[in-house]
Amino acid sequence: MSHLAQAIRELGDSGPLRRMPRANLERIATVLVLGWAVGFMLWQGAGFTITLTTIFAIWAILAVSLNLVVGFTGLLSVGHIGFFGIGAYTMAILASDASYDRLRTESIPTPDWPFFAALPVCIAIAGLVALGVGVVFNRFRDDIFVLVSFGFAIIAFSFFLNLRELTRGAFGIHEIPRPAFGSWVLDGEIEFLIFALICLALVVLICWLIVTSSFGRVLTAIREDEEAIAVFGYRVTHFKLAVWVLSAMMAGLAGALLASWTSFIDPNSFILLESMLLIAIVILGGLATIWGSLLGAMAFVLLEEGMRFLPFLPPEFVGQARQVVLGVLLVLLMLFRPQGLVGRYKL
Amino acid sequence: MTDSSATVIHTIDLSKHFGAVRAVDELTVAIPKTGITSIVGPNGSGKSTFVNLLSGTLPLDGGIVIIDGVGLRVVRAHESPQHGITRTFQEVRLFEQISAWDNIMVVLTERRLVPSLFERVKPAHRETAERVLREVGMWEKRDAMAGELSYGQRKLLEIGRAMAMDAQTYLFDEPFAGLFPQMLERVKEIVIRMRDQGHTLIFISHNMDIVRELPDHLIVLDSGKLLTEGEVHDVLSREEVIEAYLGE
Amino acid sequence: MHGSSDVSLQLTDIAVHYGAVRALDGVSLGISQGEAVAVLGPNGAGKSTVLKAIMGLAPVVAGEVHWRGRRLEAETHEIVREGICFVPQGRRVFTHLSIEENLEMGCLYLGDESEKRRRLESVLDLFPILYDKRRDLASQMSGGQQQMLAIGRGLMGAPDLLLLDEPTLGLAPIVVGEVFAKVREISNRVDTTIMIVEHNIKGVLEIVDRAYVLDKGRIVHEGTPESIRETNILTDVFLGRIQPDEEGGGRTDGA
Amino acid sequence: MSRYSWNIFLTTAVALLMIPLAIACGGDDSDEPFRIGVMESATGPGETYGTVAIQAKQMAVEEINAAGGINGRMIELIVEDSKCSAQDAITAYNKLTDVDGVKIILGTSCSGAMLGAAPLAEKDGVVMFSGLATNPDIAEAGDYIFRTSLNDAQLGVDTGNLLWADGIRKLATISESTDYAEGVRRTTVEQFEKRGGEIVGEERYASDATDFRTSLTKLLNANPDALHVAAQSEFTGGTIVKQVRELGYDGPIYSEIVPIGTTALEIAGDAATGLKAVITDIDPANEKGQEVLGNFREKYGYVTLPWYLGSAYDDVYITAECLKETNDDQDADGLRDCLYEITWSGAIGDNYSFDERGEVVGLTNVVVEVLPLSERNEDNNGYQVLGPAPSG
Amino acid sequence: MSVWSGRLDLSQFAERPRDLLALVLALAVAGYIAWAISQSPQQALQFTFNGLSVGAIYALLAIGFTLVYSTVWFFDLYYGAAAAIGAYGIFYLRSGEALGGLYQVNDPAVNVVFALVTAGVAWWAIREFYGRRLRERFGPGSALGVETLIAGGLGAYMGVVLAWPNDLNVLFAPAIGLAAAVLFTWMLRRTVARLVPRPTQSGVPVAAAIIGAALGVVCGVALAHAGGSRLYLSWVVSCLLAGMVGLAFYRGLYVQIIRRTNSRLIMLVASLGVLLALTALTIIVFESAPRPLPDVFGSTPWQVGGATIKGFNVFAIGVSIAAFIGLLLLLKKTAFGKSVRAIGDDEEVARVVGINTTLVIAIVFFIGAVFAALAGVLNGHDTAIQPRMGLIMLLKGWIASVVGGIGNLYGAIVGGFALGLIEQFGIWNLAGEWKDVVSFVVLILFLSFWPNGLLPRR
């Protein structure tokens with residue numbers, strides 16, 4: 001950061017810093033992604049669109065919550081997928097009604113809770129784990145933080161895979177129920193989509209409230225200069241911890257949604273690479289804007305599903321091709337627009 | 001020595017080491033509550049370290065700081081405002097990627113974690129921010145990103161940010177460095193105005209014109225130790241100060 | 001070795017833009033062999049940028065730099081070999097190297113070991129403080145010594161032209177005097193052409209032959225120290241009385 | 001902020017407008033060919049099976065089409081990659097059913113993927129018919145779920161018996177952390193312990209591991225009579241066999257189908273000689289099976305996992321047979337009923353059928369042994385059949 | 001680097017209790033290892049061998065990492081991809097020999113890409129080293145032509161080499177012969193110049209050139225006939241390619257980013273993008289399943305005190321130690337080394353005092369990438385390769401360099417071997433699947449107690 005200060009001091013000699021080109025890129029990007037989404041819907045029809053929108057809703061919750069940490073607080077966390085997984089596994093373990101006793105594979109206790117009873121627990125457990133992890137991670141910064149957050153993602157994955165008494169390891173957990181209000185079960189795709197969108201809206205609302213509150217302003221100040229803001233009477237560690245926990249809780253919610261939607265989870269959904277893709281979409285969309293994360297998540301989902309329809313691309317390479325595109329986009333953005341498409345903050 | 005009832009900050013055997021280097025070495029000084037105190041000394045004499053210790057930016061290695069009669073062995077940065085202390089930094093440390101307005105606003109709002117989550121900008125905050133920004137002459141630039149301001153403007157904004165804290169004691173680390181005369185005059189004015197309002201001002205400076213003109217009290221440090229202190233013109237004419245610092 | 005022209009360095013209509021900001025706007029200036037010239041002006045006038053433009057460190061969008069009658073368009077690291085050395089602002093030394101190594105960095109490109117040693121000796125001769133501590137790490141030295149070291153490192157390149165950027169910034173008065181004395185000594189004894197950017201106008205006018213005054217990226221005055229002391233040009237510039245348009249932070253009310 | 005609000009408003013508005021529009025546009029097509037979905041793991045840990053399965057199915061379809069199709073209609077396969085992961089399987093499933101309007105899906109090759117998509121298929125009334133998924137849980141997955149592959153449970157029982165019969169009393173196991181390999185290990189261990197054997201060491205590894213020496217060192221230090229290897233990918237299976245020999249182990253090694261695959265044997269080299277495995281295999285006497293293998297080799301230039309190849313191939317023919325009856329690729333219920341009743345003789349065996357859980361009955365496991373390096377060739381795939389798996 | 005030293009300063013104040021705790025922790029670890037040895041010395045010995053074998057690879061990665069980090073102060077995640085490129089380069093060139101030719105991969109697109117990279121890097125290198133001289137001699141126009149011609153030739157050569165990997169020894173013979181000829185000529189002339197007084201040297205250059213050329217031809221012919229050398233020539237090609245790609249990324253990408261911003265995190269994210277894209281491309285070209293590399297020398301295990309170790313592992317340990325010593329000498333003894341250290345302190349000033357920083361950093365990137373590729377190759381031969389191996393290797397190398405002490409070469413090698421051993425002994429009575437967890441827990445513990453690692457940079 002003092003590099004930046006240095007650069008600014010040097011430039012300060014010759015007048016105010018050059019302004020970043022705030023061209024219409026933001027609007028163009030927005031229209032492009034939205035147009036793409038609409039075109040896709042028209043082309044593909046309802047069923048698939050609903051699936052995609054549900055995936056979008058889940059990834060958007062993740063992206064928005066991660067942006068709180070990365071964009072607003074300046075902690076480049078690659079470990080967010082861990083909280084996502086914790087949420088998903090908590091939901092799976094608590095709510096699954098599969099009775100594994102009759103099967104010959106690894107069996108775990110399944111309390112068979114209803115969705116809405118398990119949901120708060122998912123969120124709480126993700127938050128609790130985040131609290132513990134956060135206390136340790138609070139001292140790390142910049143690239144060391146990146147490294148230890150890599151570590152968290154790997155440790156979390158290892159637990160999902162190897163803590164077989166709890167997670168059934170590689171077998172995964174199935175028969176995870178859909179949300180139900182009394183006897184009305186949201187087992188239709190549209191109903192679940194609406195539920196997921198409501199969750200997304202709630203998360204966006206909460207994030208919006210957070211970032212426009214005094215708390216949010218302090219976060220941005222922490223991002224810019226931790227030591228300086230401490231001098232003005234803020235306990236930086238508490239604020240960092242708080243936003244870390246809040247963000248993890250939202251990721252836990254996303255995980256619970258995923259578990260309930262797919263009705264089956266296994267550790268493969270929570271590998272490190274997914275986390276790297278997640279941070280890529282947050283940066284791609286734009287740091288320190290909620291809208292950017294929504295846009296990024298939308299582009300991400302469309303990218304994969306859109307690429308399935310490219311005639312020259314063998315279907316088995318769609319996932320990889322998307323990764324290539326994301327990687328290249330990331331490089332180009334860092335080169336020309338380090339704040340992301342509609343971002344308000346450069347790393 | 002100033003009489004102790006009028007002392008705002010009193011340090012006893014204050015020490016700080018960086019490895020083998022004793023940046024501040026058993027320093028005992030008293031800073032009077034009224035007026036302006038300036039700290040001078042050769043490069044590396046521990047001036048900035050001293051200020052960093054008082055504001056809790058660096059942890060103490062030894063000694064006690066007595067602020068307003070309260071003795072502290074540990075000064076925590078986030079508690080320094082409770083002791084009535086606020087500061088600026090030698091290398092201007094603004095929150096670069098947020099606006100000048102938010103730079104001021106951030107020090108006005110709620111300190112406690114949970115209430116801050118529910119607090120929105122209040123009219124009182126707005127008024128203070130506007131007043132401060134006008135006082136330092138940065139009102140027109142309130143929407144600019146702090147990182148995009150010129151060097152002088154950044155200095156002013158940082159001083160404004162400290163002023164917004166409305167503390168008893170202000171520690172200014174080289175507030176006049178690198179400013180051209182016009183800006184310098186403005187900072188001087190601000191400092192005098194603040195003194196007249198009854199605040200304690202402590203600043204570090206190398207600018208001898210200003211050191212001769214502004215402060216009421218002068219502390220001279222040399223290699224982490226107190227070389228001498230007292231009334232400005234008296235101190236500046238002392239042999240040891242000329243030898244170690246002024247060299248004229 | 002020397003060019004035919006009396007003017008050894010000539011800047012013609014140099015313009016430097018940082019994005020939308022015009023740091024320099026058509027600056028022309030020249031230095032003759034053996035001269036010591038100061039560049040003065042308020043913050044943001046573009047003083048440092050002049051030096052950076054010469055060293056190829058600033059984005060020059062228009063204009064030419066001529067050095068000994070030939071256009072200078074080499075890259076920064078090659079300019080040193082042309083005989084121009086630059087001492088940047090802020091006592092920037094290699095903190096993890098010893099003093100001797102720091103000085104050696106000034107002519108690392110030189111293949112000739114004996115020449116290196118000769119230069120090292122002459123520089124250490126000029127700065128006796130450095131000689132005593134020559135095996136110590138640069139990070140362990142005081143600010144004044146670091147500034148001396150930076151200047152010494154510049155001299156290791158045996159420059160015909162030495163560019164000094166704010167050599168006294170942030171230094172104690174006693175050291176400021178020493179630095180100026182050394183600069184004067186270099187200028188006289190070693191017969192090096194010197195271009196110095198300074199904010200300490202009083203001090204620098206004592207040691208230079210000529211000075212340029214810059215404001216908002218343009219040269220507003222050029223002359224001997226006497227002429228500058230006599231006219232009110234500096235006061236005018238510093239108080240913003242010249243071209244009161246554009247500039248944002250420099251309002252003159254209340255001054 | 002106002003721009004954000006505007007943006008958000010815009011998205012919401014567009015999204016709300018478009019959903020009904022999109023629903024209106026989603027049409028169906030009842031064109032000429034029968035459309036059958038295929039989900040296999042073309043990439044990921046199950047890549048080898050997936051590729052073979054896709055190729056075998058394509059070969060079968062080409063044969064059927066070349067012979068005039070079904071009731072004059074061609075078959076068209078729509079292939080999606082389920083990547084051996086439940087989530088990708090769900091996405092692929094949704095794409096197949098929603099976009100392509102498919103009601104019959106052949107696949108998948110990984111049990112995890114199968115278990116992910118099966119509940120959806122069950123709910124939507126889409127037939128999922130796998131030739132490769134072996135997880136016991138699939139038996140319970142539903143009415144529309146069928147498979148021609150044998151349940152791991154049976155494999156485990158057979159392996160456990162084999163171990164006991166060979167005089168093994170202390171066993172060390174190493175398995176890949178995937179549902180298939182874990183399932184094999186678990187059922188094997190269960191049966192082995194039931195017979196009175198003792199497990200002296202257990203190690204697991206993640207699918208992307210390449211260095212097993214640490215785990216193997218620990219296992220060997222426990223002095224087992226034999227080592228049991230359960231792998232998901234041929235690569236890890238082969239590498240484990242190689243590395244355990246490098247560590248100086250010369251006792252017997254037991255495993256299942258994966259470590260005796262072509263790639264695995266190529267990696268392990270001579271280290272694999274004498275390795276015993278319980279597998280389902282194409283009977284050398286089964287002419288249909290040998291013919292399929294021959295055609296496959298001719299077409300693609302290699303053969304691996306012959307039984308799974310045949311299984312995938314048979315699936316297409318069984319489906320085709322049922323489509324002859326129903327004559328409608330949208331009639332999943334008809335297909336389901338047909339599958340429950342059918343008895344088939346194909347590449348992987350004669351007169352096999354499906355029980356009420358959709359499990360295949362009428363097929364058995366055999367024990368094979370890997371030949372020395374010099375005796376391995378394309379025809380014997382590197383191993384010889386010792387006989388049917390011992391029972392009890 | 002004021003940021004860095006500033007940060008170090010702040011974290012240096014280890015309070016007493018923390019030191020004590022660290023001591024207790026260290027004793028506990030020592031006790032644990034002693035207990036492990038007493039439990040089963042044979043297993044402990046085997047674990048030590050295993051640990052040193054993997055540690056050698058971590059150390060090699062960490063050394064390269066540290067070199068780059070202490071010069072440009074950001075962790076270049078391309079290193080993961082470099083390791084994979086190194087390993088897959090061998091597979092690419094030797095797939096005809098591995099797996100009995102089961103997965104022949106020779107993709108014209110890949111060859112063209114690498115030919116272009118080679119040409120680009122060669123063009124840049126020629127311009128950087130000889131550009132001035134060429135321009136002065138031939139004028140700018142023809143200099144450009146000459147440069148393009150040479151670079152294009154080299155690129156085409158690389159393309160040919162990649163397209164016919166089975167004749168690598170024959171294809172490489174002229175290049176090696178030429179290099180040998182130049183080397184021998186130079187050595188002869190030097191020797192003669194040392195031994196014989198100056199005036200009688202008139203015929204020496206010609207004679208030396210003739211003898212040198214003859215020796216070069218011999219070398220070339222010998223190589224062309226040595227079919228077994230193909231594998232080891234593949235190592236050279238593969239490491240060279242990875243190095244050149246690294247250099248190309250520095251020159252083509254990182255330099256541009258540095259020019260625009262100067263944030264370590266931006267560089268980190270950009271290199272993350274590079275890693276993501278290259279990993280995915282590797283999967284697209286080679287598929288995601290793991291593959292083995294052909295057997296090398298030393299594949300048969302040796303019995304040492306009841307434990308076994310492969311000769312190849314000993315070789316790998318030797319390589320990493322040699323790399324360390326070589327790098328150390330380079331940094332301490334040469335002007336290049338001083339430039340590297342100076343750039344680490346302050347890049348702009350280094351430029352100002354006449355160091356061609358772009359060139360020096362480019363070489364540093366090249367060296368680092370070659371080390372990473374070499375680590376990938378060694379690891380691949382030892383076990384096997386798979387496209388995501390780079391990511392895991394990268395993280396382990398990163399951990400090793402941080403545990404050893406960021407920016408300290410000694411720390412990197414110590415950290416590498418320490419991490420290898422810790423990983424092995426850490427799972428003594430845990431199941432093997434917890435290995436990665438052990439290394440990260442160690443990392444986090446380490447950073448909590450010794451934020452600067454074992455051997456911090458002064």
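Keep in mind the model is a prediction, meaning the values are calculated, not measured. Below, chain A is the first sequence line, B the second, and so on; all start at residue 1.
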For chain E, which residues from residues 130-137 of chain A lie under 4.5 Å away (heavy-atom distances)? A/V136, A/F137
Here the gap from A/R322 atom CZ to E/L276 atom CG, rounded to the nearest 0.5 Å, amounts to 11.0 Å
Which bit of E/L268 comes within less than 4.5 Å of chain A, counting heavy atoms only: side chain, backbone, both or neither? side chain
Which answer fits E/L275, side chain, backbone, both or neither, if we ask what part of it has an atom under 4.5 Å from a heavy atom of chain A? side chain
A/N162 side chain reached by E/W434 side chain, heavy atoms, under 4.5 Å: yes
Looking at E/V402, E/I399, E/L443, which one forms a side chain to side chain contact (heavy atoms under 4.5 Å, CB included) with A/V148? E/L443
Between CG of A/L335 and CD1 of E/I266, what distance do you get to the nearest 0.5 Å? 10.5 Å
When rounded to the nearest 0.5 Å, the distance separating CG of A/L147 from CG of E/L447 is 7.0 Å
Top contributor to chain A interface from E/Q256, E/M267, E/E433 [non-hydrogen pairs under 4.5 Å]: E/E433
Would you mind checking which part of A/L287 comes under 4.5 Å of any heavy atom in chain E, side chain (CB onward), backbone (N, CA, C, O), both or neither? neither
Highest number of heavy-atom pairs under 4.5 Å with chain A among E/V437, E/V441, E/I284 belongs to E/I284
About how many Å separate OG of E/S448 and CZ of A/R139, when rounded to the nearest 0.5 Å? 4.5 Å
When rounded to the nearest 0.5 Å, the distance separating CZ of E/R260 from NZ of A/K346 is 11.0 Å
